[in-house]
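Quick caveat, the model's predicted, so the values are computed rather than measured.
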Amino acid sequence: MSDEEHHFESKADAGASKTYPQQAGTIRKNGYIVIKGRACKVVEVSTSKTGKHGHAKCHFVGIDIFNTKKLEDIVPSSHNCDVPHVTRTDYQLIDISEDGFVSLLTENGNTKDDLRLPTDETLLAQIKDGFAEGKDLVVTVMSAMGEEQICALKDIGPK
């Protein structure tokens, strides 16, 4: 046995923390679900009656929270579905670069420079206009399953 400690640097992600299982029959409208590997907000749920061979089935219609595409899935209500861990974090906007990336100030004083401007035209215009006017802007970043995107904007007054 050796007395020295071994330090392992892990760059790989097991993927376990991105989602958690939840029974399909307990997922409701406005909740979240993973459909075809994408994090979706549930906009419609319908449950069929139990048929000749047993299980009631849940029909989910979800909107992808990052690209707003509509996705559907049918799952037996007794089975488990993956539900993404969705978090929202507020950051103060520091700068917008020419190549479409934003520089954000985190709570601990560091900068976060790996986020692009949103693809939503109205939100994009609000951010660019507010920044050009010299306003103090706070953006809300939604993250799920390793993806992040700016989803909202708050104006906290002039600089």
Exercise. Determine the minimum heavy-atom distance between K36 and E72, stating which atoms define it.
Key: NZ-O, 3.4 Å

Quiz item: If you take all heavy atoms of A144 and V86, which pair is closest and at what distance?
Solution: CB-CG2, 3.9 Å

Self-check item: Spatial distance of atom CZ (R116) from atom OG (S97) [nearest 0.5 Å]
Solution: 8.5 Å

Quiz item: Should F66 and M145 be counted in the same cluster of Ile, Leu, Val, Met, Phe, Trp and Tyr side chains packed under 4.5 Å apart?
Solution: no

Self-check item: Contact summary for C40 and L71, nearest pair of heavy atoms
Solution: SG-CD1, 3.5 Å

Exercise. Measure the shortest side-chain to side-chain distance between Q149 and V141 over non-hydrogen atoms and say whether it is less than 4.5 angstrom.
Key: no

Quiz item: Given the rule in the side-chain contact (heavy atoms from CB on, under 4.5 Å) test, do V42 and N30 qualify, once you have shown the distances and angles that lead to the verdict?
Solution: CA-CA 5 Å; V42 179; N30 293 333; over 6 Å; no

Quiz prompt | Over all atoms of both residues, closest heavy-atom pair of P118 and I150 | solution = CB-O, 3.8 Å

Self-check item: L117 CG to D99 CG distance, which is reported to the nearest 0.5 Å
Solution: 9.5 Å

Quiz item: Just checking, is any N or O donor in the side chain of D120 or T122 under 3.5 Å from an acceptor N or O on the other one?
Solution: yes

Self-check item: Single-linkage hydrophobic cluster, 4.5 Å side-chain cutoff, V43 and V75 together
Solution: no

Self-check item: Any donor-acceptor N/O pair, S77 side chain to C58 backbone, under 3.5 Å
Solution: no

Self-check item: In one Ile/Leu/Val/Met/Phe/Trp/Tyr side-chain cluster, 4.5 Å: I63, I35
Solution: no

Quiz item: Do the side chain of T111 and the main chain of S103 share a donor and acceptor less than 3.5 angstrom apart?
Solution: no

Self-check item: Gap between atom NZ of K112 and atom OG1 of T106 - 0.5 Å precision
Solution: 9.0 Å

Quiz item: With respect to L153, which candidate in L93, L124, I127 satisfies the side chain to side chain contact (heavy atoms under 4.5 Å, CB included) definition?
Solution: I127

Quiz item: Do T89 and T140 come within less than 4.5 Å of each other through their side chains, counting heavy atoms only?
Solution: no

Self-check item: Side-chain heavy-atom pair F101, D114 within 4.5 angstrom cut-off
Solution: no

Quiz item: Does I33 belong to the same Ile/Leu/Val/Met/Phe/Trp/Tyr cluster as Y20, with side-chain heavy atoms less than 4.5 Å apart forming each link?
Solution: yes

Practice problem: Drop me the distance from Y32's OH to I27's CD1, to the nearest 0.5 angstrom. | Solution: 13.0 Å

Self-check item: Shortest non-hydrogen separation from C151 to R88 and the atoms involved
Solution: SG-NH1, 3.7 Å

Exercise. Give a yes or no on whether V34 and F60 share a hydrophobic cluster (residues Ile, Leu, Val, Met, Phe, Trp, Tyr; joining criterion: side-chain heavy atoms under 4.5 Å apart).
Key: no

Quiz item: Do the side chains of S78 and Q23 get nearer than 4.5 Å, heavy atoms only?
Solution: yes

Quiz item: Which distance, rounded to the nearest 0.5 Å, do you find between the NZ of K41 and the NZ of K29?
Solution: 10.5 Å

Practice problem: Supply the atom-to-atom distance R38 CZ to I65 CD1, rounded to the nearest 0.5 angstrom. | Solution: 8.5 Å

Practice problem: Determine the minimum heavy-atom distance between I74 and K57, stating which atoms define it. | Solution: CG2-CD, 3.8 Å

